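Let me begin by presenting the structure, written as structure tokens, before commenting on it.
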Amino acid sequence: MTKRVAIYVRVSTKDQSVEMQLHDLERYSKERGLNVFKVYQDDGVSGTKETRPALSKLMNDARKRKFDLVLVWRFDRFARSTKHLVNALYEFRNLGIDFISYQENIDTSSPLGEAIFTIISAMSKLERDIIA
């Protein structure tokens with residue numbers, strides 16, 4: 001069965017373009033035989049904002065299990081804080097949705113990706129503990 005992929009792209013300012021991100025992610029999807037369910041695109045929206053129009057739609061569609069995989073160009077296109085990233089990754093895991101970061105070459109469905117996820121989670125906990 002072909003996996004349905006949700007592509008998320010973002011740029012921080014209106015004078016930037018998502019074209020490079022889209023090109024790489026669409027090529028990646030095609031090369032791996034993934035079916036692009038939808039491209040979620042936030043233009044001119046800071047990554048520090050946890051609520052962004054396209055990201056909110058992606059999360060709502062994830063909860064409805066409309067796709068099997070989230071593909072982003074880099075972690076920082078998806079989330080700027082470790083806490084936001086970890087919370088989203090936990091939610092995806094609970095929903096049975098994999099997450100791939102193209103630039104960092106991290107796929108949470110692989111053993112290495114699972115290890116990286118564990119390290120990111122530990123760093124997030126350390127960050128929370130230090131703040132507390």
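Quick caveat: nothing in here was measured; it's all calculated off a predicted structure. For reference, positions follow the sequence shown, starting with 1.
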When rounded to the nearest 0.5 angstrom, what is the spacing between [atom1] in [X] and [atom2] in [Y]?
X    : Y    : atom1 : atom2 : result
R65  : I97  : CZ    : CD1   : 7.0 Å
S110 : N105 : OG    : CG    : 8.5 Å
D42  : L55  : CG    : CG    : 6.5 Å
Q21  : H23  : CD    : NE2   : 12.5 Å
R74  : D24  : CZ    : CG    : 12.0 Å

Side chain [X], main chain [Y], donor-acceptor under 3.5 Å:
X   : Y   : value
R63 : L95 : no
R52 : F78 : yes
Q16 : T13 : yes
Q41 : A54 : no

Please tell me whether [X] and [Y] are part of a single hydrophobic cluster in this structure, the criterion being side-chain heavy atoms less than 4.5 Å apart.
X    : Y   : answer
L69  : V9  : yes
L112 : L71 : no
M59  : V45 : no
V18  : V72 : no

Review point. Between Y102 and R77, does any side-chain donor sit less than 3.5 Å from a side-chain acceptor?
Key: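 Y102 vs R77: no donor-acceptor pair found between side chains.
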**Study point:** Parallel, tilted or perpendicular: ring planes of F99 versus F75, cut at 30 and 60 degrees
**Key:**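 Rings of F99 and F75: parallel, under 30°.
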On a heavy-atom basis, which atom in [X] and which in [Y] lie closest, and how many Å separate them?
X   : Y    : answer
I7  : S29  : CD1-OG, 4.0 Å
L25 : Y8   : CD1-O, 4.2 Å
W73 : E104 : O-OE1, 4.3 Å
V5  : L34  : CG1-CB, 4.0 Å
A79 : H84  : CB-ND1, 3.2 Å
K66 : R4   : O-NH1, 3.0 Å

Would you indicate whether the side-chain heavy atoms of [Y] and [X] approach each other to under 4.5 Å?
X   : Y   : answer
F37 : K3  : no
V11 : S17 : no
F67 : L58 : yes

Practice item. Considering only NZ, NE, NH1 and NH2 on the basic side and carboxylate oxygens on the acidic side, decide whether K30 and E26 come within less than 4.0 Å. Key: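 The answer is no: the pair does not qualify as a salt bridge.
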Point to revise | Lys/Arg cation over aromatic Y28: R32, 6.0 Å, 45° cone | key: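 Flagged: R32 positioned over aromatic ring of Y28.
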Practice item. Check the surroundings of atom CG in N35: do more than 12 heavy atoms from other residues, nucleotides or ligands lie under 6.0 Å from it? Key: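 Yes - once you tally the heavy atoms of other residues, nucleotides and ligands closer than 6.0 Å, there are more than 12.
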